[in-house]
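Remarks on the structure that follows.
Just so it is clear, the structure is predicted and the values come from calculations on it, not from any experiment. Here is the naming used below: chain letters follow the sequence lines, and residue numbers restart at 1 for every chain.
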Amino acid sequence: MNITTLVFILLSVMSVGSAIMMISSKSPVHSVLWLIVVFFAISGHYILLNAQFLAIVNIIVYAGAIMVLFLFVVMLMNLNAETEPIKNYRLQLVGIISGGALLLVIVSAVMKIDTEQLVEMKVGDAGLIKVLGMNLFKNYILPFEISSVLFLSAMIGAVVIGKKDDEVVNKPEN
Amino acid sequence: MDIKAYIILSLVLFTIGIIGVLVRRNAIIIFMCVELMLNAVNLLLVAFSKMHALSSAVKASPGYASDAQIFVFFIMVVAAAEVSVGLAIIVMMYRNVHTVDVNFLNRLKN
Amino acid sequence: MGNYITFPDLLTWLPMLAGLFCFFVVNQKKAKSTAIIFSLLIMGVSIATLFFTNDAKYLSYNNVNYFWLKYLGANYFIGIDGMGRMLTLLTAIGFPLILLSTVNQEQQNPKAFYGLMMFTQAGLMGVFMAFDALTFYFYWELALVPVYFLCSKWGGERRIQATFKFFVYTFAGSLLMLIAIIYVYMHTSSRAIEEGVMIPHSFSLTAFYNAQLSVTEQNWLFVLFFIAFAIKMPIFPFHTWQPDAYDQSPTSVTMVLSGLMVKMGLFGVLRWLIPVFPAASVHYKNIIIILSVIGIVYASCIAMMQDNIKRLVAYSSIAHIGLMCAAIFSMNVISIQGVLLQMFDHGINIIGMWVVVQIIERKTGVKKISQLSGLAASAPVLTILFIIIALANIALPLTNSFTGELLMFTGLFQTSIWFAAIAGIGIILSAVYTLNMIQKVFYGSVNKITTEVKDISLQEKLILFFIVGIIFFIGIYPQPLIDLTKESVTNILFRLK
Amino acid sequence: MNNIIKLVWLIPVLPLIGFLINGLGRKALSKTLSGYIGSAVVLGSFVLSFLVFLQVKNGASATVHFFNFIDLSTFKIAFDFKIDQLSTLFLLIITGVGFLIHVYSTAYMHDEEGMNFAKYFAYLNLFVFSMLLLVMGGNFVIMFIGWEGVGLCSYLLIGYWYRNTNYTDAANKAFIMNRIGDLGFLLALFWLISKLGTVQYDDIFTTASLAKLSAKDITGITLLLFVGATGKSAQIPLFTWLPDAMAGPTPVSALIHAATMVTAGIYMIARSNALFSLAHQTQTIISIVGLATALLAASIAIKQNDIKKVLAYSTVSQLGFMFVALGTGNYVAAVFHVLTHAFFKALMFLGSGSVIHAMGGEQDIRKMGGLHKHMKITSITFLIGCLAISGIPGFSGFFSKDEILAGAYGHSTLLYSITLFAALLTAFYMFRLYIITFTGKFRGTHDQEHHLHESPKAMTIPLIILGILSVIGGYVGVPEVLGGHHELAAYLSPVVKSAEHHLSHNTEFMLMGLSTILVVISISFAWARFRNYSIEGEAKGLGSLLENKWYVDEIYQKIILNPLKSISAFFNNIIESKLIDGAVNGVGKMINYGSRQLRWLQSGQVGGYVLLMVIGMLILFFIQLFL
Amino acid sequence: MNALILSAIWGLVMMFCGVFVKSKSIPKYIAVLGLSIVLISSMIELLTKKSFFHFGYNNMLNTEGFNLSFIVIILFCTLIYFLLTGSEIEKVGAHVGEYFALIFFVLCGISIVATFNTLLMLFIGIEIISIPLYILTGSDKRNLKSNEAALKYFLMGAFSTGIMLMGIAFIYGGNPNASFYIDKIEMGIGHMPVLIAVGLLFVLVSMSFKVSAAPFHFWTPDVYDGAPTVFTSFMSSVVKVAGFFAFLRLFEHAFGIVQDQWQVLIVFITVATLLIGNVTAVFQQSVKRMLAYSSIAQAGFMLLAIFALNDKAKEGILLYAAAYSLASIGLFGVLTKMEDYTIDGFNGLAKEQPVLGLAATIFLLSLTGIPLTAGFQSKFFMLMAAIQNGHHFWIVIVAVLFAAISAYYYFRVIQAIYFKEATKTIILPHSINIPFKIMLIVIAALILIIGVYPELVIGWMYR
């Protein structure tokens with residue numbers, strides 16, 4: 001077992017473990033924190049795969065921006081373990097079983113591949129910022145520009161939905 | 001590394017996300033689970049891109065191998081946009097009913 | 001094709017125009033007379049077509065054919081051959097009769113009523129003239145939808161459910177037919193429509209005749225087509241929509257349904273089903289004849305049990321249609337000729353029956369046989385005319401149905417003596433229920449309900465005399481009708497070889 | 001010749017015209033006028049028929065073609081008249097007897113109000129028209145047109161007094177029973193068409209085309225034709241309508257239910273003799289059925305008390321005799337008996353009509369008696385009828401009946417003896433009727449007695465004429481053994497080929513003698529039994545069985561009508577509403593039910609939705625990856 | 001290209017309009033103007049095959065006639081939608097300009113998914129469609145139903161996005177060309193590679209979700225019911241059809257050659273969709289909810305196009321786009337005028353408002369698929385496509401039998417409109433303005449015209 005494999009296993013255990021913790025912890029704040037751990041682990045994977053740019057972006061965007069936003073909302077709403085709605089046990093079990101079954105089905109199908117395809121670890125220029133930048137601004141200029149529309153609409157959404165203008169009326173049933 | 005390891009890893013993460021969606025009732029947590037699913041995808045995409053980087057056909061032009069990573073980049077972009085809208089919706093709901101339980105609002109059924 | 005207006009054009013567009021006229025142009029009071037005038041005009045046109053029967057010479061007057069959906073190879077193709085000529089004539093005669101006989105009934109919102117009636121006529125005309133499967137299907141449904149509205153709006157108290165059953169039933173059937181049409185279409189051969197432009201498939205009748213279908217394909221396509229037609233006719237056991245619909249519809253619509261619309265099913269079998277699937281027709285013929293024959297006896301038995309005069313006529317109609325269906329599937333010259341004759345005759349007779357039923361219902365306000373008695377004393381003319389029509393309905397010699405039934409039975413006999421014999425029980429049973437009904441309604445002494453009844457008015461007399469006149473004319477001299485349709489029979493049977 | 005033949009279309013058309021005038025103008029016409037018109041047209045037909053008869057009696061015959069009724073290039077039905085000896089003979093009977101009865105009716109129906117009176121004559125004329133079509137038709141289809149036509153007229157006339165439900169019941173029964181027979185006829189017709197492709201007599205009754213038929217075909221066709229005949233001619237099992245048909249006015253009974261319509265079956269079989277002669281099994285069946293009918297009806301007639309019912313059963317019985325003759329191949333005898341029977345039975349019916357007229361509508365013989373004093377002409381003519389039907393030598397019935405008996409003897413002794421027995425019964429019940437009605441004391445009310453009178457001339461003259469005919473009618477067929485030439489046989493020979501019976505003259509004499517003696521004994525017995533008739537109590541045993549007509553109607557009710565009704569009820573209540581409609585509505589209900597159940601999937605909870613989605617995914621993955 | 005860029009630009013214009021224009025009714029006219037421009041420019045592009053904008057987009061979009069004609073149809077239907085119910089949008093809330101802007105962004109997204117050539121563009125397009133829709137669904141902030149619908153829609157939509165991305169990842173992984181271009185996916189010989197198969201399944205599931213095919217349809221009734229009616233109209237018509245177009249485009253170009261390997265899945269989904277949509281719709285009492293279920297049922301029919309994947313299917317989807325959108329828009333337009341959304345609420349409508357009654361009837365007839373309406377033609381082409389495909393013939397029979405069932409619930413409304421008497425407790429719309437009526441008549445006329453002459457629609461794709 002070389003060091004790469006060891007790191008891989010370590011990161012994997014970390015990400016899976018904290019993911020499980022994320023969905024199982026009672027307090028939403030803990031969940032957010034565990035999720036941040038997952039993201040860090042995944043960033044670790046990226047580094048292992050020599051995708052430096054993504055590793056950084058992942059931490060900045062996800063762990064930094066998005067999760068902070070989450071945390072912020074959770075705090076704002078003052079959610080904690082006591083206010084957390086709990087599903088009944090049986091439904092949880094059904095959920096876990098069906099999710100597990102899905103995993104089982106897909107994994108057992110994927111495992112049928114005979115050929116062993118390797119992943120380039122630690123080396124390679126595909127994930128380097130230069131290559132990515134060239135590619136992004138040469139070939140992917142259109143989606144890059146178009147995603148501005150996405151942000152525009154998200155912005156409008158925040159305005160339309162977030163702006164408080166009327167009090168709630170419980171409209172009669174139609 | 002064998003690609004299968006990455007596939008399994010991201011599938012496991014993905015499934016944990018799905019299970020999370022299934023077992024939790026807190027809208028924020030569910031949303032976080034979705035984010036987890038997206039991250040699993042990201043990881044898989046990067047792994048695949050590095051796998052393809054090894055194949056002879058792709059080696060000639062490194063741009064191809066980085067396509068997947070650009071895709072991941074776009075996923076993050078979209079996720080960011082989605083989060084802003086999603087949290088706005090959740091906040092709106094919280095403002096109206098003071099809970100984030102997805103089962104609380106249950107007027108629309110049958 | 002020239003640029004002049006042809007007969008098929010007139011026969012479809014005139015009623016459509018009349019419908020639009022009734023809907024949008026005239027006022028409520030004039031709608032009725034507009035519809036009647038138009039229907040008489042159409043009758044005139046239809047009679048005129050009888051003088052242009054030489055297709056070689058008058059082909060261009062009798063056909064309309066132009067591209068409709070070019071990419072599909074669907075043409076708007078309507079034309080009149082012998083069979084179509086006869087049935088359009090029946091439709092054209094039927095409608096003025098129906099409208100005139102119900103002229104005294106006040107409809108609410110007559111504009112819509114007569115507009116829809118005229119649309120129905122257009123649909124019927126189109127069905128009888130279509131030479132292109134898609135055109136056929138279009139008109140087939142066009143005839144259905146107005147009837148749905150007519151029944152649901154102006155019918156009896158349970159009209160909505162009854163009509164709805166009728167609608168869904170027929171609609172499902174015709175969708176199945178649509179599938180079969182498409183399937184056959186996919187197996188037609190390509191043809192060139194103009195220089196260098198090939199159309200992969202075609203909906204035209206001839207293309208359908210030449211479609212490349214294996215025997216198994218034919219067999220199940222046949223079933224799909226047949227269900228649509230069987231529901232429309234209707235034959236046992238697809239008939240349950242019918243008594244309800246006849247009972248609940250306004251009488252004039254019932255007349256259209258029973259006198260003209262059921263002919264669509266029979267016509268479909270003759271024009272589309274048998275010629276397109278000759279092998280399957282032979283394959284299924286016995287099953288269908290058995291069904292029909294069972295239906296004859298079955299419907300007759302039920303007719304005997306009916307106390308509602310409208311339901312009685314409805315079930316008697318099922319029995320008659322069963323016989324026609326059985327005769328069609330005997331598939332010989334005599335039987336099919338008989339069916340063609342009978343299609344016309346049955347149309348006239350059943351309209352006559354309804355005219356009388358409608359008069360009785362209007363004059364007495366009841367339709368229960370058990371509540372009526374002794375009408376012969378208070379309305380002798382009505383009685384006599386009705387007896388003639390009823391006897392024509394049970395095929396007494398020298399009335400129109402006799403020749404038709406004689407030929408049908410002759411043809412049926414050639415398939416098997418047993419079919420003819422069991423179907424023949426229907427002849428006896430038809431006498432039983434018809435005579436019972438006559439006895440109970442017209443004979444006996446008058447009761448409270450019937451004592452005030454006045455005999456029919458001059459106008460009603462004229463209508464009924466006209467019907468009786470047709471009954472006797474065709475009964476004594478059916479040859480003109482036979483000559484008209486002879487060629488169609490030959491064409492149908494030619495496909496079977 | 002040709003001139004007359006060209007005019008034959010007038011023979012049926014004249015009554016048709018009469019029908020139309022009377023029918024359409026029934027409001028405008030006075031009673032006298034419509035009576036005159038009705039009778040005159042029939043007279044006209046009679047005259048024409050007679051002229052035709054003069055032509056054809058020398059052996060000429062013709063088929064007159066008018067137009068093609070149905071013409072499919074492969075198959076034709078022509079509208080033809082066949083003018084030959086057989087049809088002409090029937091023409092004479094129909095128009096002749098028919099005319100007399102029309103005349104009689106003018107008086108008999110005088111009490112009817114104007115419109116109904118005209119209606120009556122219209123129907124009567126229509127009947128004559130139909131009957132003429134029946135006998136003149138040049139093919140089976142035209143015959144069938146007449147065949148159903150007479151059934152219709154019979155229906156209309158039986159139900160003439162439509163207010164009475166019993167009468168209209170009888171009318172329905174008559175029509176329906178006839179229709180059952182008609183179905184047999186039709187099936188035979190179809191069989192012929194499918195085998196020979198034609199319905200024309202001239203084409204069918206040739207050796208060449210008959211040879212095309214297999215033995216099975218012939219048996220089948222003849223049997224079915226015979227079924228048709230049993231309907232029209234009231235044989236077992238379709239005879240019960242005839243007695244009920246007496247609900248109609250009496251002249252109608254005379255014309256339709258005695259003289260003409262009911263003989264249509266005999267006419268048809270005689271017409272098809274070429275076919276029937278080839279079918280020996282059928283012939284046996286015919287004679288057995290005929291014989292059984294003759295016996296059964298005769299036995300019932302013994303205990304009937306309604307004057308017309310007795311005559312009706314006697315008619316059935318006499319028709320049975322005719323079928324025995326047909327069954328033994330003795331077609332001429334059958335036709336001969338039709339002729340004589342037409343005379344004497346019409347006579348007796350009209351006589352009974354006269355009696356009823358006098359009694360003010362009373363038909364029960366128990367309430368009559370001693371009428372001879374009051375109405376001599378009626379009584380005497382009725383007696384002539386009785387003598388004729390009983391087969392007293394010298395009267396017409398003797399010759400015809402004797403011929404039938406001789407034929408039966410030639411066939412088998414057993415057949416002969418039973419037939420003879422039936423003949424004896426005939427004599428017995430006829431004289432019972434006569435004696436109870438016309439002799440003894442009057443048993444009715446005083447009022448009735450006061451009104452008793454002889455009928456008007458219009459009624460008695462036909463009686464007298466028919467009486468004369470009942471006597472002399474038989475002389476057209478005096479057998480050789482009595483020194484005659486049997487002119488009828490000779491006359492019919494071009495059409496009808498009877499089986500030859502080679503009975504020696506001695507045997508024939510012996511048979512005649514035997515039957516005569518027995519008949520006389522039988523009559524005497526009746527005289528002894530009913531001379532001092534008084535109303536009897538309830539009959540018991542066989543008597544009650546006979547009085548109730550062997551319970552045939554009740555049996556039919558039990559074994560045919562009731563099951564039919566139950567089946568219909570079953571169809572209507574169970575199969576139609578529960579099964580078929582139930583299935584159709586069931587589909588609707590099922591969808592509705594499914595709709596209500598499926599709604600629960602839509603729980604409104606995101607977790608539930610996602611769970612279902614995941615399960616859906618699971619299924620899809622499983623299908624795709626492992627199946 | 002024209003549509004994509006111009007609608008994005010006009011979305012921006014509308015956004016500013018929302019900021020600077022205070023009047024509530026003006027944005028509608030600006031939107032109609034803008035949409036007309038977009039429509040005309042797209043038509044010009046379709047006819048001349050030249051775009052106004054030239055820059056290298058690396059072949060990520062495919063502006064062939066078929067795709068453009070679809071865009072034109074969509075834009076046209078949206079224009080009709082604006083004209084008919086533009087004034088209803090004003091009533092939803094305060095942010096009129098923003099609503100229009102969001103709709104323009106959706107159109108931008110639709111023009112992406114109609115022309116995408118790479119999975120990336122598909123993904124981005126779908127997101128550009130979805131995100132504004134989440135917002136529009138929740139735009140009636142005061143209404144808890146709207147809140148609930150938005151939340152459900154958002155959570156499930158995000159979930160399905162995740163699934164779709166997983167699918168894309170697998171497809172990428174299984175593709176030796178290492179490309180996201182849909183026509184550069186290698187299927188190998190014989191069975192397709194397992195990775196691609198798994199990816200295909202994920203993508204199939206998420207596309208089924210987008211087009212609300214069973215068993216991934218659960219969001220549809222709730223969201224359509226909860227969203228403001230005027231936006232439901234847009235979502236259930238134009239957007240839904242666009243989803244199908246993307247579905248068809250993806251599966252035709254990416255997986256068309258191995259259709260025999262996944263067709264049975266489509267059969268499964270189609271039958272389930274038809275069953276659930278039609279059967280559940282039967283029991284609905286609210287017309288709005290019934291229409292939601294009926295949209296699932298119609299989706300079942302549209303799935304036949306994916307099932308068939310041939311020329312007729314393409315023609316059919318165009319026809320369906322036009323026919324279904326027009327009828328839905330019209331019907332929802334009528335619905336916005338109703339006080340009471342239950343079926344009984346329609347009682348006696350024909351007497352009170354004959355034009356509304358007649359138009360609604362025509363729309364319902366079209367949805368049922370009665371001949372001479374556009375709805376028939378679209379169903380007809382779908383059936384034709386499915387039969388031409390030649391496999392699993394029985395699915396066609398199932399489809400038409402369910403179509404017959406659909407008559408049941410559509411006709412219940414017709415029955416209410418025409419054959420039932422209005423009860424006093426139900427308030428029928430009183431004053432309907434003339435332009436609205438005219439628009440209804442125009443839509444009805446269009447439906448009839450397309451019903452008689454469908455080449456009006458499908459003729460575009462052969463230009």
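When side chains are defined from C-beta on, A/I106 does not count as touching E/L201, because their heavy atoms never get closer than 4.5 Å. Two residues are said to be in side-chain contact when any heavy atoms from C-beta on lie closer than 4.5 Å; A/I156 and E/H95 fail this criterion. Inter-residue side-chain proximity for E/N58 and A/L142 is flagged as unmet; no heavy-atom pair is nearer than 4.5 Å. E/V198 has its side chain within reach of A/V110: a pair of non-hydrogen atoms, C-beta onward, lies under 4.5 Å apart.
More than 12 non-hydrogen atoms from other residues, nucleotides or ligands lie less than 6.0 angstrom from CZ of E/F53. Counting heavy-atom neighbours within 6.0 Å of A/K138 NZ, excluding the residue itself, gives a total of 12 or less. Annotation for E/W262: atom CH2 counts as buried by contact number, over 12 foreign heavy atoms lying within 6.0 Å.
What you find for E/I135 and A/S153 is that their closest heavy atoms are CD1-O, 3.3 Å. What you find for A/I161 and E/K141 is that their closest heavy atoms are O-CD, 3.4 Å.
The structure places CZ of A/F144 at 12.5 Å from CG of E/L120, a figure rounded to the nearest 0.5 Å. For the atom pair OG of E/S111 and CD1 of A/I146, the computed distance is 8.0 Å after rounding to the nearest 0.5 Å.
For the set E/Q285, E/R289, E/M60, the entry with the most heavy-atom pairs within less than 4.5 Å of chain A is E/M60.
Contacts between A/I141 and chain E at a heavy-atom distance below 4.5 Å involve the side chain alone, from C-beta outward. Neither the backbone nor the side chain of E/L136 comes within contact range of chain A, judged by heavy atoms closer than 4.5 Å. For E/L195, the part lying near chain A is the side chain, with the backbone staying farther off; criterion is any non-hydrogen pair under 4.5 Å. When heavy atoms are compared at a cutoff of 4.5 Å, E/F104 does not approach chain A at all. For E/I5, no part lies near chain A; criterion is any non-hydrogen pair under 4.5 Å.
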For residues 57-71 of chain A, tabulate all N or O donor-acceptor pairs below 3.5 Å that involve a side-chain atom, not counting sequence neighbours.
residue, atom, partner, partner atom, Å
A/N58, ND2, A/F39, O, 3.4
A/N58, ND2, A/S43, OG, 3.1
A/Y62, OH, B/E35, OE1, 3.4

